[in-house]
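In what follows, every chain begins at residue 1, and chains take the letters A, B, ... in the order their sequences are listed. These numbers come from a predicted model, not from an experiment.
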2 protein chains.
Amino acid sequence: MKPQKTPATAEKLIEIAESLFAEKGFYGTSIRDLADSIAIAKSSLLHHFHTKENLYGAVLKKLADEMTEEVKAVQKQFPNEKKQIFEFVQLLCNNSEKKPNRENIILRELLDNPKRAEKAKKWFFIDYFKGLTDIIKSGQSNGVFKPVSPEIFILQLLGAHRYLIISLPTVKQFFDEKIYRQVLKDHHAELETFVRERLIKK
Amino acid sequence: MKPQKTPATAEKLIEIAESLFAEKGFYGTSIRDLADSIAIAKSSLLHHFHTKENLYGAVLKKLADEMTEEVKAVQKQFPNEKKQIFEFVQLLCNNSEKKPNRENIILRELLDNPKRAEKAKKWFFIDYFKGLTDIIKSGQSNGVFKPVSPEIFILQLLGAHRYLIISLPTVKQFFDEKIYRQVLKDHHAELETFVRERLIKK
DNA sequence: TTGACCGCCTACCGATCGGTCGGTAGAGTA
DNA sequence: TACTCTACCGACCGATCGGTAGGCGGTCAA
């Protein structure tokens, strides 16, 4: 998991690992699959990342760092918490289209983490989570947000979004074709209404 | 997967499989683990359920049947859709405390289903999902619910709940001890407010 | 020129995977 | 008694798992 000097192979590995772990999970993905996918030997993979767990950790770290950075960027770009939170909803919806693996990996990690946590003793997404609850807390102390529990609100917001996203491949068969194209747009609008009604003070 | 005459062993298997699959996922659980857990030989497990997939399918089917039945019971017990939907929220929250494995397995199944779907070509939770959207549609045609998309609303509601539940083991370290005891109660209240504001016509 | 290091390889390891096989004990039935 | 069926078992299978050992060619500093 140490930074490598020649980035090409290690970065390619993280990239392919992100998509395979997202699709099939940690135990469903073998390091043979991963190595074959970018046409290197399995032992070359292990040369870069000493163990399978390390590679998985590198994937999580990269993901968590990106996401934390995005939240910070939103905080920096907009001065008031109202704009920040709506911008974040926008970000969520955009990223689910551009980077569909993310939600899968995050969900899988939440499911597996309690077991893994005994060894790892850390949660990669802590800064991301704290960044988000901080926006809520800040908005509350400035009097623009209602006094909801920041943690519960964020978890429900993330959940409403991520669950829908990972359900879509399965449930899309139940939408009419022309309705389905509207779903992501309507979902986005619903999330915004949720934020407006449950969080924003009138 | 055929029904067995001597229920004891097969049912014990489904029971232990439900908790192990929930905890470690399909690929993370071996049939040796499962057999050992109830002290029978691995070949005896395969005598009852011809393959590991069959056993997993039996677990899903039992779960889906129970949940579909619960929704139907709510529909039957209460005449109007407003009471039905609040009763369902109550049901969700109660079951997450009584049957904590459920949410895990459902989430894992949603994540793995797109891959599995090629073979299985069926989704065990379809009746459950349809039952819920039917409540919304019925309430809408009776004029007591707002014209939201039934599918999106249900997915967001389920998501807000299930995501929070599976996150709790990981994020509970960020709650104060005395606050944490309130979380499930506050979460329940928030879900009800969400339903009241986004669904119920005033 | 040498030697340390690097990225990558083939060959191999023991452990474990899902699943098969032949067989046994016991209950039911004719 | 003889036959059948069910639940269960230990022994075994080929395949695959994560990981190790050692070697090869190239780069670069001493």
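The phosphate of dC8(C) has neither OP1 nor OP2 within less than 4.0 Å of any side-chain N or O from His47(A). Note on His48(B): every side-chain N or O is 4.0 Å or more away from OP1 and OP2 of dT6(D). In terms of phosphate contacts, Thr51(B) brings no side-chain nitrogen or oxygen within less than 4.0 Å of OP1 or OP2 of dG18(C). Look at Ser30(B) and you won't find any side-chain N or O under 4.0 angstrom from OP1 or OP2 of dT16(C).
Computed from coordinates, the Tyr27(A) OH to dC17(D) P distance equals 15 Å when rounded to whole Å. Spacing between atom CG of Asp33(B) and atom C1' of dC17(D) amounts to 15 Å, rounded to whole angstrom units. Rounded to a whole Å, the CG atom of Leu20(B) is 16 Å from the C1' atom of dC17(C). For the pair His50(A) NE2 and dG19(D) P, the computed distance is 9 Å after rounding to whole Å. dC8(C) atom P lies 15 Å from atom CG of Asp36(A), rounded to whole Å. Atom OH of Tyr56(A) is separated from atom C1' of dG18(D) by 17 Å (rounded to the nearest Å). Spacing between atom NZ of Lys52(A) and atom C1' of dC17(D) amounts to 8 Å, rounded to whole angstrom units. As rounded to whole Å, 19 Å separates atom C1' of dT20(D) from atom CZ of Phe49(A).
Applying the side chain to side chain contact (heavy atoms under 4.5 Å, CB included) rule to Glu69(A) yields the partners Lys72(A); only residues at least two apart in sequence or on another chain are considered. Remark: Glu197(B) pairs with Arg198(A) by the salt bridge (charged side-chain N to carboxylate O under 4.0 Å, His left out) rule, at least two apart or across chains. For Ala189(B), there are no side chain to side chain contact (heavy atoms under 4.5 Å, CB included) partners at least two apart in sequence or on another chain.
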Any N/O pairs under 3.5 Å between the protein and nucleotides 10-15 of chain C? List them or say none.
{"from": "dT10(C)", "atom 1": "O4", "to": "Ser43(A)", "atom 2": "OG", "distance (Å)": "2.7"}

Can you pull every protein N or O that's under 3.5 Å from an N or O on nucleotides 23-28 of chain D?
none

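Sorted by first and then second residue, the salt bridge (charged side-chain N to carboxylate O under 4.0 Å, His left out) pairs with a member in residues 124-136 of chain B form an empty list; sequence neighbours excluded. Among residues at least two apart or in separate chains, there is no salt bridge (charged side-chain N to carboxylate O under 4.0 Å, His left out) pair with a member in residues 74-83 of chain A. Every pair passing side chain to side chain donor-acceptor pair (under 3.5 Å) that includes a residue from residues 150-166 of chain B is listed here, sequence neighbours excluded: Arg162(A)-Tyr163(B), Tyr163(A)-Arg162(B), His187(A)-Gln156(B), Ser96(B)-His161(B), Glu103(B)-Arg162(B), Tyr128(B)-Arg162(B), His161(B)-His187(B). Within the structure, side chain to side chain donor-acceptor pair (under 3.5 Å) pairs that include any residue of residues 19-28 of chain A comprise Lys24(A)-Asp33(A), Tyr27(A)-Lys115(A) (at least two apart or interchain).
In this structure, Phe153(B) has its ring center under 6.0 Å from that of Phe194(B).
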Checklist entry - Do Glu18(A) and Lys99(A) pass the salt bridge (Lys or Arg N to Asp or Glu O under 4.0 Å) test, and can you show the C-alpha distance, the side-chain angles, and the key distance before you say yes or no? => result CA-CA 10 Å; Glu18(A) 184 180 310; Lys99(A) 311 182 181 181; over 6 Å; no
